[in-house]
Amino acid sequence: MTDDALLKQLEESTKDFSRHQAETLRSILQHQRGVRYLQRHLPDDGDHNLPIDAATFRRSVPLSCYDDYADYINQLADGDKCTSDDDHDPHHLLSVDPLVCFFYSSGTSSMKPKLIPYFDSTLSKGASHIAHQGSAAVLRKFFPPRPEVNKRLVFIYADSITTTKGGFKVMAASSFPLHSSSNPNRSLFMSLSSPMEVILGSNVEHQMYCHLLCGLRNSDSIDAIHVPYAIGLIKAMRVLESKWKQLCDDIEKGFLCSVINDVRMRDSIVEVLGGPQPDLSNRIRLIFEKKDWGGILNKLWPNVRYIRCVTTGSMKQYYSKLKYYAGEVPLVGGDYFASECCVAINLDIKQPPDLTRFVMLPTAAYFEFLPFDLAENNVVGEETVDVCGVEVGKMYEVVVTTYRGFYRYRLGDIVRVVGFYNSSPLLEFVMRAPKTSYEIVTEGDLMAAMENFQLVLRNTMGMAIEIVEFTSSVDFGSSPKRLKIFIEVKDCDMILQDKLQESNLRKCCSDLEDSLGSIYKVQRNKGEISPLSLSVLKCGSFDRLLKLAIENGTPASQYKPPKIIRNPSIVDVLEENVIVTI
């Protein structure tokens with residue numbers, strides 16, 4: 001299908017959202033009605049061929065979360081047979097389609113990613129094909145291919161593959177095409193600047209270094225830079241800042257430094273380098289020696305046309321830093337695709353995070369909307385509305401029924417309906433939903449407060465202090481409970497003079513507490529919360545969290561530093577790295 005045909009199909013689907021949604025639900029239920037999960041809830045009329053309307057479906061099947069599927073998913077992963085009298089095929093617990101593998105979700109707040117079953121569903125393949133190919137068509141519309149400059153520097157890591165007790169592979173969704181030998185689009189990966197041996201490596205730090213090295217070796221051929229999330233490029237830039245001399249040496253000698261000990265990776269890099277490149281090395285070295293990191297990406301890769309990564313939600317905090325590195329090169333936004341299903345597509349990819357809007361895809365899944373009250377930091381009841389009931393300006397938690405085994409499933413994403421594209425809701429991603437009503441700050445509250453805090457910190461301390469990363473946790477063991485915020489700053493040794501100018505830092509901490517949002521302020525004024533605790537961490541503390549997450553199964557490509565930590569063991573890791581607490 002041509003790009004024009006794809007874009008036309010997407011356009012047409014948005015013109016009758018309600019009809020497509022009704023057809024999508026009918027198709028899902030007709031195909032999956034016999035699965036064990038639905039049999040628990042749907043009325044047994046003796047004829048599974050009779051259609052079920054949306055009202056009956058929503059009345060009969062309760063809203064669900066991952067815990068409602070955990071036992072079924074564990075059975076599938078273990079390959080256990082069902083113990084019921086009719087001995088159903090275990091794959092029919094959630095879907096009638098064959099189970100292929102599991103995808104990891106990005107479970108960064110708990111450090112234990114969820115397993116999302118991937119069933120071989122023809123219906124789902126059709127829906128996701130339109131979404132993914134439509135996204136690619138949108139990108140090509142803005143940036144038509146250039147045969148003479150055709151390489152992409154892509155920071156992707158596809159090694160995090162484990163096998164369940166039942167013999168099923170578990171991986172990041174983005175890794176699936178790389179491990180599928182029958183994938184017809186495998187030729188697309190020939191455009192990557194890095195060889196497959198780097199992408200499939202086993203050490204993220206070494207892989208990141210090699211990605212950069214391959215990109216620099218092909219500096220004039222790089223058309224675009226891709227990374228799943230903004231944090232991935234931020235981390236790559238930190239490696240670039242600290243390792244540029246070694247990178248230049250490797251290019252000059254045509255050989256990889258001894259630190260990289262993966263033989264297959266080393267051999268592939270030597271082939272990419274193609275022998276000593278002293279002229280290229282000198283050219284790149286001169287750029288670095290100027291120590292001007294503003295627009296560095298354009299200086300190193302003069303033909304790059306765009307940088308693509310997700311910059312909405314918790315990734316928004318990195319946008320200004322990426323703009324600094326990118327200079328005149330546009331930052332192109334991603335789509336709203338979850339591990340469970342595609343949700344919405346970004347048709348205006350050049351917009352900044354604040355103005356990014358997603359057009360919902362009516363054939364990707366059946367969607368419901370659970371009203372959310374920001375003032376209460378909680379959903380309003382258990383009654384959802386469909387597309388006909390959403391109101392512009394209101395916030396909702398997204399609820400999906402998918403082709404692959406999730407039914408009235410709460411995605412945990414809070415969105416705001418900002419308008420309509422034809423008849424399809426136009427969404428702004430707001431934040432991840434709170435896990436409980438006891439939480440006293442939202443991700444949005446924390447990010448806004450920290451943005452203001454950094455400005456106050458710089459003005460008060462009289463030096464250019466950069467907060468590298470931050471997170472928070474509520475200490476319920478304190479009486480009353482206390483919000484703890486942990487920050488890591490760049491060049492922490494420089495600002496640790498005079499005990500971090502403790503009085504100035506305490507004043508900054510007071511300003512931070514005053515900007516933490518209405519929920520926090522109300523409870524603080526009532527005396528229900530102890531004064532804020534602010535801890536400065538050792539440099540590299542959040543890198544340790546990344547390593548811990550990877551050790552627990554989180555794919556490096558999908559890692560997002562948690563803004564609200566609910567796992568006490570993760571808090572303990574941070575506490576071990578505290579330099580000073582105010």
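Please read all numbers here as calculations on a predicted model, not as lab measurements.
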Quiz item: Has the side chain of Arg544 got a donor or acceptor atom that lies under 3.5 Å from a matching backbone atom of Val573?
Solution: no
Quiz item: Step by step, would you call Ile130 with Leu361 a side-chain contact (heavy atoms from CB on, under 4.5 Å)?
Solution: CA-CA 9 Å; Ile130 292 297; Leu361 297 166; 5.8 Å; no
Quiz item: With no hydrogens and no angle check, is any side-chain donor or acceptor of Arg308 less than 3.5 Å from a backbone partner on Gly333?
Solution: yes
Quiz item: So, the side chain of Gln21 versus the backbone of Ala365: is there a donor-acceptor pair under 3.5 Å, distance only?
Solution: yes
Quiz item: With side chains defined as the heavy atoms from C-beta onward, is the minimum distance between Phe57 and Thr401 less than 4.5 Å?
Solution: yes
Quiz prompt | Test item: side-chain donor near acceptor, Ser424 and Asn422, under 3.5 Å | solution = no
Self-check item: Thr164 OG1 to Lys169 NZ distance, which is reported to the nearest 0.5 Å
Solution: 11.5 Å
Quiz item: Any side-chain heavy atom of Asp413 within less than 4.5 Å of one from Arg432?
Solution: yes
Practice problem: Could you give me the CA-CA distance, side-chain angles and deciding distance for Ser472 and Leu483, then say whether side-chain contact (heavy atoms from CB on, under 4.5 Å) is met? | Solution: CA-CA 7 Å; Ser472 69; Leu483 179 66; 4.1 Å; yes
Self-check item: Salt-bridge present (Arg410, Glu368; N to O < 4.0 Å)
Solution: no
Self-check item: Closest non-hydrogen atom pair, Thr471 against Pro562
Solution: OG1-O, 2.7 Å
Quiz item: Do Pro561 and Leu545 have side-chain heavy atoms sitting under 4.5 Å apart?
Solution: no
Quiz prompt | Between NZ on residue Lys547 and CD on residue Glu551, distance to nearest 0.5 Å | solution = 9.0 Å
Quiz prompt | Donor-acceptor contact present, side-chain Asp348 to main-chain Gln351, <3.5 Å | solution = no
Quiz prompt | Main-chain N/O of Val96 paired with Gln32 side-chain donor or acceptor, under 3.5 Å | solution = yes
Quiz item: Which heavy atom of Arg140 sits nearest a heavy atom of Gln133, and at what distance?
Solution: NH2-O, 4.4 Å
Quiz item: Pick from Leu139, Ile156, Leu233, Leu192: which one makes a side chain to side chain contact (heavy atoms under 4.5 Å, CB included) with His226?
Solution: Leu139
Quiz item: Can you name the closest pair of heavy atoms from Glu528 and Lys481 and give their distance?
Solution: O-CG, 3.7 Å
Self-check item: Closest heavy-atom pair and its distance - Ala364, Ala127
Solution: CA-CB, 4.0 Å
Exercise. Working to the nearest 0.5 Å, report the span between CG of Leu25 and CD1 of Ile52.
Key: 8.5 Å
Practice problem: Would you give the length of the straight line joining atom OG1 of Thr312 to atom CG of Asp354, rounded to the nearest 0.5 angstrom? | Solution: 10.5 Å
Quiz item: Going through the distances and angles, do Phe367 and Thr24 end up as a side-chain contact (heavy atoms from CB on, under 4.5 Å)?
Solution: CA-CA 10 Å; Phe367 298 106; Thr24 297; over 6 Å; no
Self-check item: N/O donor-acceptor pair under 3.5 Å between Asn346 side chain and Gly334 backbone
Solution: yes
Quiz item: Will you find, in the side chains of His20 and Thr363, an N or O donor that is under 3.5 Å from an N or O acceptor?
Solution: no
Self-check item: Phe103, Phe168, Tyr104 screened by ring-ring contact (aromatic ring centres under 6.0 Å, His included) with Tyr118, the one that passes
Solution: Phe103
Practice problem: Inspect the contact between Glu382 and Arg408 and indicate whether a charged nitrogen and a carboxylate oxygen are less than 4.0 angstrom apart. | Solution: no
Exercise. Could you give me the CA-CA distance, side-chain angles and deciding distance for Asp4 and Thr2, then say whether side chain to side chain donor-acceptor pair (under 3.5 Å) is met?
Key: CA-CA 5 Å; Asp4 286 343; Thr2 66; 5.5 Å; no
Quiz item: Quick one: CG on Leu99 to NE2 on His92, what's the gap to the nearest 0.5 Å?
Solution: 11.0 Å
Quiz prompt | Heavy-atom donor-acceptor pair, Arg404 side chain to Phe119 backbone, under 3.5 Å | solution = yes
Quiz item: Does the pair Ile231 and Phe542 meet the rule for a side-chain contact (heavy atoms from CB on, under 4.5 Å), with working shown?
Solution: CA-CA 12 Å; Ile231 180 62; Phe542 281 90; over 6 Å; no
Quiz item: Does Glu469 reach the side chain of Lys563, with side-chain heavy atoms less than 4.5 Å apart?
Solution: yes
Quiz item: Is atom CZ of Arg264 surrounded by more than 12 heavy atoms (other residues, nucleotides or ligands) closer than 6.0 Å?
Solution: no
Exercise. Answer yes or no: is there a side-chain heavy-atom contact under 4.5 Å between His206 and Val198?
Key: no
Quiz item: Would you say the side chains of Tyr520 and Glu439 form a donor-acceptor pair under 3.5 Å?
Solution: no
Quiz item: Under a 4.5 Å cut-off applied to non-hydrogen side-chain atoms, are Leu29 and Tyr366 in contact?
Solution: no
Quiz prompt | Distance-minimising heavy-atom pair for Met208 and Phe155 | solution = O-CE2, 4.3 Å
Quiz item: Less than 4.0 Å between a side-chain N and a carboxylate O, is that true for Glu12 and Lys8?
Solution: no
Quiz item: Taking Tyr421 as the fixed residue, which of Ile345, Leu427, Leu347 is the one that meets the side chain to side chain contact (heavy atoms under 4.5 Å, CB included) rule?
Solution: Leu347
Quiz item: Any side-chain heavy-atom pair from Asn203 and Asp262 closer than 4.5 angstrom?
Solution: no
Exercise. Working to the nearest 0.5 Å, report the span between CD1 of Ile529 and CG of Asp475.
Key: 12.0 Å
Quiz item: Shortest non-hydrogen contact from Phe337 to Ala131?
Solution: CZ-O, 3.7 Å
Quiz item: Can you find a heavy atom in the side chain of Val415 that is under 4.5 Å from one in the side chain of Val343?
Solution: no
Quiz item: So which of Ile440, Leu446, Thr442 actually passes side chain to side chain contact (heavy atoms under 4.5 Å, CB included) with Leu516?
Solution: Leu446
Quiz item: Counting only N and O atoms by type, is there a donor-acceptor contact under 3.5 Å from the side chain of Ser423 to the main-chain atoms of Lys15?
Solution: yes
Quiz item: Does any pair with a residue in residues 385-412 pass ring pair (Phe, Tyr, Trp, His ring centres under 6.0 Å), and if so which ones, sequence neighbours excluded?
Solution: Tyr37-Tyr407, Tyr69-Phe406, Tyr69-Tyr409, Phe369-Tyr396, Phe406-Tyr409
Quiz item: More than 12 foreign heavy atoms under 6.0 Å from CD of Glu575: is that the case here?
Solution: yes
